[in-house]
Q: 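Can you read through this structure? Questions will come right after.
Chain letters run A, B, ... following the sequence lines, proteins first, then strands; residues in each count from 1. Everything quoted here is computed from the prediction, not taken from an experiment.
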Number of protein chains: 2
Amino acid sequence: MITELNIKQIEKISKALGDPYRLKIMKIVSNNATCTQCCDVSAEFNLAQSTMSHHIKQLIDADLLIADKEGRNLKFVVNKEVCTAYADYINSLVL
Amino acid sequence: MITELNIKQIEKISKALGDPYRLKIMKIVSNNATCTQCCDVSAEFNLAQSTMSHHIKQLIDADLLIADKEGRNLKFVVNKEVCTAYADYINSLVL
DNA sequence: CAAAAACATCGAAATATTTAGATATTTAAA
DNA sequence: TTTAAATATCTAAATATTTCGATGTTTTTG
C-alpha cells in the first residue's frame, strides 16, 4: 500500500520534526529493535513528564510514530510508511 | 559530493518546512524550470512584501534554496543536495 | 540625478509553542 | 483494596514565530 501525503500532513510532519527533543525521540525509537515506551525515552531527557508526553503526542499526531497502549504503558514504533512517504515528497522537490 | 547534515541542520530544515507558505514557495521554485525571483513568488500570495522576504530568508538560511543576487533581483533555485540529504536522513529512520 | 523597482531590516502586535507543576486516569502490584 | 507506576490533561508562564507597516538600501530607468 503506497501512502500519499497531502500538504497539510507534510506541514504537520515537518513541524513535528522541527524540535531537537522530538528528533532525538525519533532516533531513539528508530534505533530500538523492540517497541519503545515513554519511560524509556524519558530516561534520556531532562524534561518534565508532562513535557515528554506532549512531545510524543505530537509525533503520534503527525503519524510519525505508531502507538499501542499496553496496560499502563504506551509502546510505539516508527511509522515506516509515513516516513518513507514524507521522504518521497521531499525528493519530489528535486527534479 | 555527498552532503551529510547534522542534527541542527535537520531541525532547521524541518522547521523551515513546517509552514504552509514556505512549503508552497518550495513547490513553486521546484516547478519552475528557470530561476525564480521573490516578486514571482510574491505574486502568488496575499502577504506583505516584508513577510514574503522573511519566509524566503528562512528557506535560504536552512539551505533549502540557493540564492543569487542579480542586480536588484534575488534569484533562487532548490538546493538539490540538501533536499536529497534531508530525505536521506528521514529514510535512515526507517531501518 | 530623481524616481521607481526589488528586496532587506526594524519594531511592535498578534498568535503559537514550549515547558513545568498540579492533578486526573488507568492499570498493575503488594 | 490500598498503593504505586505510567501516562494524560489542564493551566499558566515563558519564549518563539508570524505578520504587517514603515523605512532603508541598492540598482535600474527615465
Q: For I28(A), does its backbone N or O pair with a side-chain atom of N31(A) as donor and acceptor, under 3.5 Å?
A: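 Not a single qualifying donor-acceptor pair exists.
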
Q: The side chain of R72(A) is closest to which nucleotide in this list: dC7(C), dT7(D), dA28(C)?
A: dA28(C)

Q: Check every atom of dT17(D), dA8(D), dT27(D) against the side chain of K15(B) and return the nucleotide holding the closest atom.
A: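 Side chain of K15(B) sits closest to dT17(D).
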
Q: For the pair K80(A) (side chain) and N91(B) (backbone), establish whether a donor and an acceptor sit closer than 3.5 Å, ignoring hydrogens and angles.
A: no

Q: Which of these nucleotides, dT26(D), dA8(D), dA29(C), is closest to any side-chain atom of L74(A)?
A: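 Closest nucleotide to the L74(A) side chain: dA8(D).
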
Q: Quick one: on DNA chain C, does Q58(A) or G71(A) contact a more 5' nucleotide (nearest heavy atom)?
A: Q58(A)

Q: N73(A) CG to dA28(C) C1': how many Å, rounded?
A: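 Taking CG of N73(A) and C1' of dA28(C), I get 10 Å after rounding.
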
Q: Take atom NZ of K12(B) and atom C1' of dA16(D), then tell me their distance rounded to the nearest Å.
A: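 K12(B) atom NZ is separated from dA16(D) atom C1' by 15 Å.
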
Q: Output a table of nitrogen or oxygen pairs between the protein and nucleotides 19-23 of chain D separated by less than 3.5 Å.
A:
residue	atom	partner	partner atom	Å
dT19(D)	OP2	H55(B)	NE2	2.6
dC20(D)	OP2	A48(B)	N	2.9
dC20(D)	OP2	T51(B)	OG1	2.8
dG21(D)	N7	S50(B)	OG	3.3
dG21(D)	O6	S50(B)	OG	3.1

Q: Donor-acceptor check, side chain of S53(A) to backbone of Q49(A), threshold 3.5 angstrom: yes or no?
A: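 The answer is no, because no donor-acceptor pair under 3.5 Å joins these two groups.
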
Q: Just by modelled atom types, is the C38(B) backbone N or O under 3.5 Å from a matching donor or acceptor in the S42(B) side chain?
A: yes

Q: Quick one: pull up NZ in K24(A) and CD in E11(B) and give me the separation to the nearest 0.5 Å.
A: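 Reported value, rounded in 0.5 Å steps: 13.0 Å.
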
Q: Counting N and O atoms only, with roles assigned by atom type, does the side chain of N79(B) sit under 3.5 Å from a partner on the main chain of L65(B), one being a donor and the other an acceptor?
A: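 Here the side-chain-to-backbone pair does not exist.
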
